[in-house]
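This report refers to the structure that appears directly beneath it.
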Amino acid sequence: PPEVPAEAMPEEIEEEAVAEEVPPPSEEEIKAPAPFDRSVVIQQRGTGKVQLVQYLNGDWEMLVEGQPYFIRGMNYSPTKVGVLPWEWEWKWADENTNGVVDCFEVFVDANGNGAQDADEPTVPDFQLMKDIGANTIKVYLTSNNLPRLNHLVLRKMYHDHGIRVIVGNFLGAYCNDSGATWDPGTDYTSRKQRDTMKANVSNLVMRLKDEPWVLAWVLGNENNMEMSGDVNATRTNASKYPETFARFLNEVCRMIHDMDPNHPVGVGNLLTGLVEYYGEFAPALDYIGINSYISGDGFGATWQKIQQTMGRPVLITEFGCDSYWTKKGPDEEVQADWILKNWEDIAHQRGGAGGVGNSIGGMVFEWLDEWWKDSLNYFEDPLDRQSVRGVFPMPFPDGYAQEEWFGIMGQGDGRASPFLRAPKKAYWELGKVWNQELEEERKEAVQGEAKEAEEHLDESENNSNEDVEDVETTDGRE
């Protein structure tokens with residue numbers, strides 16, 4: 001429009017305001033993430049009981065029935081000394097024939113004499129877990145043991161102690177449920193084998209999806225291992241045909257989602273191998289499970305790599321260290337230190353803790369020493385003796401893994417198995433950390449409830465005031 005001469009403008013018009021110069025944001029302000037705010041969800045995986053949600057700042061969290069749930073878990077496969085696990089089923093075992101399953105009547109051998117004394121009460125394994133703050137176990141099931149599954153044991157475990165279960169299907173690892181033989185192993189290029197595995201997963205989910213103790217599903221157990229010839233150590237060719245394997249994972253995940261919207265589905269991976277393929281060909285995966293023993297200081301760039309390639313939350317499905325120093329003897333200090341430092345990294349990477357923000361928890365490997373696991377030769381290693389042989393080179397302080405010493409609970413001299421529990425230092429130290437975290441979470445929850453109640457009260461008062469104003473205005477018109 002044409003400019004108006006100054007003398008023609010009314011005297012009442014105020015002088016035009018001069019905009020205040022605002023400095024540009026600093027690099028720190030540009031890079032600063034949005035605050036951790038549970039009220040703004042940008043992605044939700046799952047619509048039912050258990051959900052994985054991502055907030056505005058990119059952090060992830062697991063919710064169970066609407067409440068935050070950070071997995072403090074145990075790999076649980078208790079085995080009686082002197083037997084093999086596929087010959088002895090802990091969910092049914094009743095060695096003293098008193099009608100009570102053995103995992104509900106263990107005892108802590110406080111004085112180390114190898115026997116249960118009058119002041120050493122009988123207690124369930126799951127109460128000992130709850131005492132240190134554990135909330136989850138991981139259990140693999142196959143089509144062979146599923147029909148014999150003792151549902152009552154797992155229901156009682158959950159009802160009495162609040163322990164939930166991540167249910168695993170091997171998806172062909174060790175030739176389970178694929179119809180393959182040990183040589184040449186599971187072949188993911190075989191339509192027949194894929195159909196067999198898929199049918200077995202479908203049967204598993206259909207049978208268990210409504211059980212109250214189910215937390216999530218996990219597919220495979222290190223199936224992505226590197227090849228050694230035509231097959232890898234888990235007896236699959238997943239790493240030879242990574243795209244085929246990833247597409248099959250996606251297909252199975254989508255099937256589970258259609259059957260069960262209440263529980264997320266993840267993959268049980270060795271480290272981060274093949275995650276680039278999962279990112280491209282398996283978007284139906286809800287979380288990435290990582291078995292990792294790479295360092296006593298944590299998990300390195302695992303978190304960042306999953307964030308960049310998959311954009312999914314991470315569960316450390318196995319971590320830990322044995323409690324035996326090769327050619328030296330038992331060393332509970334080293335085991336406890338390794339586990340605690342690993343957990344420190346897991347906790348630091350959870351949502352709102354200042355790290356990458358994609359950790360949803362971790363699972364210690366393992367609860368109880370298993371005396372059958374010197375896997376160089378199962379049939380030469382005496383099952384009633386705890387082997388001290390360094391089985392595999394590993395990045396542990398002594399350079400080796402003593403496969404029969406990974407438990408944070410020991411079995412004494414073996415004579416009181418399967419009842420005796422000998423807590424190692426890692427058990428007690430982990431309990432201190434986990435229980436402190438739980439106390440902080442409880443305080444945070446109470447503060448959150450108080451804040452929510454205060455906001456609700458303010459909103460109610462505002463609504464009430466608005467109603468009063470409406471009434472007064474109407475009365476004035478009348």
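Sequence positions, counted from 1, serve as the residue numbers for this chain. Everything numeric here is computed off the predicted structure, so don't read it as measured data.
- Checked by atom type, the side-chain pair Thr236/Asn223 shows no donor-acceptor distance below 3.5 Å.
- Put simply, CG on Leu154 and CE on Met157 are 5.0 Å apart, with the number rounded to the nearest 0.5 Å.
- We find that Asp345 and Lys341 are not joined by a salt bridge, their nearest charged nitrogen and carboxylate oxygen being 4.0 Å or further apart.
- Using a 30° and 60° split on the angle between ring planes, His161 and Phe126 fall in the tilted class, from 30° to 60°.
- Using a 4.0 Å cut-off between charged side-chain N and carboxylate O, Arg247 and Glu251 make no salt bridge.
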- Task: Please step through side-chain hydrogen bond (donor to acceptor under 3.5 Å, both in side chains) for the pair Asn144 and Trp86, ending with a clear verdict.
- Result: CA-CA 10 Å; Asn144 288 330; Trp86 48 88; over 6 Å; no

- Query: Should Tyr188 and Phe248 be marked as a side-chain contact (heavy atoms from CB on, under 4.5 Å) after you check the CA-CA gap, both sets of side-chain angles, and the distance that decides it?
  - Reply: CA-CA 8 Å; Tyr188 294 107; Phe248 179 55; 4.0 Å; yes

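- At a threshold of 4.0 Å, the pair Lys443-Glu440 does not count as salt-bridged, since none of the basic side-chain nitrogens sits closer than that to a carboxylate oxygen.
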- Query: Given Val314 and Gln349, is the side-chain contact (heavy atoms from CB on, under 4.5 Å) satisfied, shown in steps?
  - Reply: CA-CA 9 Å; Val314 180; Gln349 306 298 343; over 6 Å; no

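- Between Asn200 and Asn176, the side chains place no donor N or O within less than 3.5 Å of an acceptor N or O (distance only, hydrogens not considered).
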- Can Tyr140 and Phe170 be said to form a ring pair (Phe, Tyr, Trp, His ring centres under 6.0 Å), step by step? CA-CA 7 Å; Tyr140 278 89; Phe170 286 107; 4.4 Å; yes

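- Looking at Glu444 and Arg38, a side-chain N of the basic residue comes within less than 4.0 Å of a carboxylate O on the acidic one, giving a salt bridge.
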- Under the side-chain hydrogen bond (donor to acceptor under 3.5 Å, both in side chains) criterion, do Ser239 and Asn224 qualify, and how do the steps go? CA-CA 5 Å; Ser239 57; Asn224 66 309; over 6 Å; no

- Message: Could you go through Asp195 and Arg191, starting from their C-alpha distance and side-chain angles, then the distance that decides it, and tell me whether this counts as salt bridge (charged side-chain N to carboxylate O under 4.0 Å, His left out)?
- Response: CA-CA 6 Å; Asp195 287 346; Arg191 167 56 66 181; 3.3 Å; yes

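- Of the options Phe319, Trp338, Phe406, a ring-ring contact (aromatic ring centres under 6.0 Å, His included) to Phe365 is made by Phe406 and by none of the others.
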- Message: side-chain hydrogen bond (donor to acceptor under 3.5 Å, both in side chains) for Asp331 and Gln335? Distances and angles first, verdict last.
- Response: CA-CA 7 Å; Asp331 195 332; Gln335 182 192 41; over 6 Å; no

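- Ring centroids of Tyr287 and Trp60 are separated by 6.0 Å or more, keeping the two rings apart.
- Panel note: side chain Arg235, backbone Trp182; a donor-acceptor pair is recorded below 3.5 Å.
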- Hey, mind stepping through Lys305 and Glu276 against salt bridge (charged side-chain N to carboxylate O under 4.0 Å, His left out) and telling me if it holds? CA-CA 9 Å; Lys305 185 170 182 180; Glu276 297 89 349; 3.4 Å; yes

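- A salt bridge links Lys424 to Asp369: at least one charged side-chain nitrogen sits closer than 4.0 Å to a carboxylate oxygen.
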- Let me see the working for Phe245 and Lys240 under side-chain contact (heavy atoms from CB on, under 4.5 Å), right down to the final yes or no. CA-CA 9 Å; Phe245 178 64; Lys240 185 177 181 179; over 6 Å; no

- Message: I'd like to know whether Tyr158 forms a ring pair (Phe, Tyr, Trp, His ring centres under 6.0 Å) with Trp213, so could you lay out the CA-CA distance, the side-chain angles of the two residues, the decisive distance to 0.1 Å, and finally the verdict.
- Response: CA-CA 6 Å; Tyr158 171 68; Trp213 43 266; 8.9 Å; no

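- Summarising the geometry of Ala284 relative to Cys253, their closest heavy-atom pair is CB-CB, 3.6 Å, with the distance given to 0.1 Å.
- With Asp286 as the fixed residue, the side-chain hydrogen bond (donor to acceptor under 3.5 Å, both in side chains) test singles out one of His257, Gln51, Arg312: His257.
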- Mind running side-chain contact (heavy atoms from CB on, under 4.5 Å) on Lys209 and Asn262 for me, showing each step along the way? CA-CA 8 Å; Lys209 65 184 178 68; Asn262 283 305; over 6 Å; no

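- In plain terms, the two heavy atoms of Gln44 and Thr47 that are nearest each other are NE2-CA, 3.9 Å.
- Relative ring orientation between Trp405 and Tyr324 is described as tilted, the plane-to-plane angle lying within the 30° to 60° band.
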